[in-house]
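Below: the structure, in structure tokens.
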Amino acid sequence: MSRFCFALTLALALAAPSAFGWSNHSPPTYRALEQMPEIVHAAAVTVEPLAAFLKAEEKALQALLASQETWAAANLANYPPRPGALAFVANADRSDAARQLAFLRALRVAPDSKFALYLQPDPRHGPHGTPIAYSAVNTLPEQPDSDRVFIGLKPGDQVAPLAVIASAADEPDYGLDINLWQDSPSEWGKVYGFGKLPFGNPALYFSTQAPFHMGFFHENRILYIAAPFIERTFPLLRAHQFSSLAALAFRTGHPYWGWRFAGLSLHYLQDLTQPYHASLAPGNSTAKLLWINALAMMGMSGQKDAMIVLLSNRHLALEKYQHELMHNAALSRSDTPIEEALHDATRDSRYPAWSDRYLRDVVSAQSWAEAPELTRTLMATLPARYVSDPSFDFGVKESGINLVRELVSQDAAKRARLDRALTELLGNLGAHSRNALRGILKDNPP
């Protein structure tokens with residue numbers, strides 16, 4: 001079997017319309033951290049522009065970004081070295097804009113990323129402040145069913161650390177990881193050194209984000225041999241970059257950016273708690289993937305096309321149901337089993353101490369192991385047209401679907417099965433988020 005052909009075919013299956021993890025990371029992050037003592041007792045922080053932090057700590061940032069590169073080369077398989085020309089070099093004479101551009105290029109994130117001063121308020125308490133435009137925060141187009149609200153901040157404002165970190169936990173979905181590839185329609189993708197997009201469609205902006213928000217670390221060895229491109233994913237890189245930046249900001253007296261970088265780092269961990277971000281094709285065995293690929297190579301692509309749609313539909317339906325449940329609970333200011341699981345700090349000690357291997361060996365491994373049963377639960381619980389009918393495109397119809405309303409008439413035992421599965425996943429997200437934050441704060445108190 002041609003490895004190239006296999007990779008090409010399977011790559012198409014991964015071009016599912018959702019390159020995003022949980023649909024909005026801020027609400028679950030508010031709930032996961034709001035009772036954490038390190039957050040509860042943290043003092044309000046003073047809002048500071050990114051340019052001010054970069055100017056004040058330019059020499060420290062030069063050393064840190066160099067150490068990040070050393071860490072990545074030593075700890076990440078298939079890591080593409082950062083081109084030397086992108087290294088961050090202190091230069092007190094350049095403008096704030098030039099310094100910020102150099103910083104973003106050294107991180108190899110999209111240089112048009114906003115890094116605006118804003119908050120996404122807790123939906124449980126409603127917005128307080130002056131709303132700002134979606135485009136002031138996010139470089140991506142606003143979706144028809146988006147309910148995000150952004151409140152503008154000014155330098156010198158005092159804000160609660162919980163609001164800073166919960167807002168930032170959603171921020172990597174605002175364009176940071178878009179078009180970073182050699183075959184992307186961007187000038188920066190040509191110089192960043194990540195190579196060609198390993199899977200997905202480079203013409204679709206959401207596909208270009210996926211390899212930074214997914215991590216397929218626990219698949220059958222045969223798949224890695226046949227399709228080595230699936231190992232070219234970088235959520236561990238991003239989590240380390242932003243967690244070490246958070247530690248630096250705390251050490252050097254910039255607590256606003258300490259909490260904000262911490263939230264950015266949590267995003268990538270939280271994405272890996274979503275089984276459809278940690279498993280290549282949940283519900284499909286290695287043997288089935290090989291068979292579907294063989295058929296596609298012979299010109300019979302029906303099963304491959306169906307798998308693409310079903311993976312996407314299940315991924316999107318899971319996230320929509322989660323979002324609806326949490327949104328309804330926020331509006332009614334009530335705690336359902338999901339909120340209780342997100343609060344449950346007794347879960348934290350179930351896991352090993354925080355380390356550089358935690359995301360891969362604990363978070364991703366757990367999520368990957370849960371994927372098959374989750375898929376069976378979705379298929380047994382949600383309307384068949386949404387999760388078992390490849391002629392139905394959930395992404396196209398999503399804005400007109402209300403799963404909570406539809407499941408009211410569902411068998412109570414079936415719905416309870418799905419609710420338990422979702423509660424367990426969000427409980428994992430809460431525990432891992434707290435453990436990661438403790439790892440950042442351990443030697444770097446704000």
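These numbers come from a predicted model, not from an experiment. We're numbering straight along the sequence, starting at 1.
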Open item on the list: So if I apply the side chain to side chain contact (heavy atoms under 4.5 Å, CB included) rule between L117 and each of L153, I151, I132, which one comes out positive?
Closed with: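 Result: among L153, I151, I132, L153 is the only option passing the side chain to side chain contact (heavy atoms under 4.5 Å, CB included) with L117.
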Side-chain heavy atoms of [X] within contact of [Y], under 4.5 Å:
X    : Y    : result
H254 : L248 : no
L407 : Y321 : yes
Q270 : P172 : no
V309 : S312 : no
I338 : L422 : yes
Y386 : L403 : yes
L425 : Q274 : no
L197 : S184 : no

Open item on the list: Using the rule given for side-chain hydrogen bond (donor to acceptor under 3.5 Å, both in side chains), can you reason through Y276 versus T375, listing the C-alpha separation, both sets of side-chain angles and the distance that settles it, and then say yes or no?
Closed with: CA-CA 9 Å; Y276 282 84; T375 296; 3.0 Å; yes
Between [X] and [Y], is the gap from one ring center to the other below 6.0 Å?
X    : Y    : answer
Y174 : Y134 : no
W181 : F212 : yes
H267 : F242 : no

Ionic contact status for [Y] with [X], cut-off 4.0 Å:
X    : Y    : value
K190 : E187 : no
R31  : E34  : yes
R260 : E171 : yes
R124 : D335 : yes

How about [X] and [Y]: does a side-chain donor come under 3.5 Å of a side-chain acceptor?
X    : Y    : answer
N78  : R232 : no
N435 : Y358 : yes
N428 : E370 : yes

- [ ] Start with the C-alpha distance between Y268 and D177, add both sets of side-chain angles, then the distance that settles side-chain hydrogen bond (donor to acceptor under 3.5 Å, both in side chains), and finish with yes or no.
- [x] CA-CA 11 Å; Y268 299 91; D177 298 313; 2.7 Å; yes
Open item on the list: Between Q182 and Y192, does the side-chain hydrogen bond (donor to acceptor under 3.5 Å, both in side chains) criterion hold? Intermediate values first, please.
Closed with: CA-CA 8 Å; Q182 180 181 327; Y192 272 7; over 6 Å; no
Just verifying a value: how many Å separate [X] [atom1] and [Y] [atom2], rounded to the nearest 0.5 Å?
X    : Y    : atom1 : atom2 : value
F229 : K196 : CZ    : NZ    : 14.5 Å
D170 : N24  : CG    : CG    : 4.0 Å
I165 : Y256 : CD1   : OH    : 12.0 Å
N284 : L311 : CG    : CG    : 6.0 Å
N402 : N328 : CG    : CG    : 7.5 Å

Open item on the list: Looking at K397, I'd like to know if its NZ atom is crowded, meaning that more than 12 non-hydrogen atoms belonging to other residues, nucleotides or ligands lie closer than 6.0 Å.
Closed with: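 It does not: K397 NZ has 12 such atoms or fewer within range.
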Task: Atom NZ of K114: over 12 foreign heavy atoms under 6.0 Å - done: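 Buried by this count: over 12 neighbours within 6.0 Å.
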- [ ] Using the side-chain hydrogen bond (donor to acceptor under 3.5 Å, both in side chains) rule, take H343 and E339 through it: C-alpha gap first, then chi angles, then the decisive distance, then the call.
- [x] CA-CA 6 Å; H343 287 151; E339 285 72 30; over 6 Å; no
Would you call the rings of [X] and [Y] parallel, tilted or perpendicular if under 30° counts as parallel and over 60° as perpendicular?
X    : Y    : answer
H277 : H315 : perpendicular
F53  : W257 : parallel
W71  : H240 : parallel

TODO: Could you check F216 against Y224 for ring pair (Phe, Tyr, Trp, His ring centres under 6.0 Å), going step by step and ending with a plain yes or no?
DONE: CA-CA 10 Å; F216 308 120; Y224 298 126; 9.1 Å; no
- [ ] Work out which heavy atom in L342 is nearest to a heavy atom in P28; give both atom names and the distance.
- [x]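 L342 and P28 have their closest heavy atoms at CD2-O, 3.8 Å.
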- [ ] Could you give me the CA-CA distance, side-chain angles and deciding distance for V89 and Q62, then say whether side-chain contact (heavy atoms from CB on, under 4.5 Å) is met?
- [x] CA-CA 6 Å; V89 179; Q62 177 178 325; 4.0 Å; yes
- [ ] For E406, check salt bridge (charged side-chain N to carboxylate O under 4.0 Å, His left out) against everything at least two apart and list the hits.
- [x]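 With neighbours one apart ignored, the set is R385.
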TODO: Please list, chain by chain and in numerical order, all residues satisfying salt bridge (charged side-chain N to carboxylate O under 4.0 Å, His left out) with D112, sequence neighbours excluded.
DONE: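 None.
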- [ ] Would you sort out whether T46 and V159 count as a side-chain contact (heavy atoms from CB on, under 4.5 Å), showing the intermediate values?
- [x] CA-CA 7 Å; T46 302; V159 293; over 6 Å; no
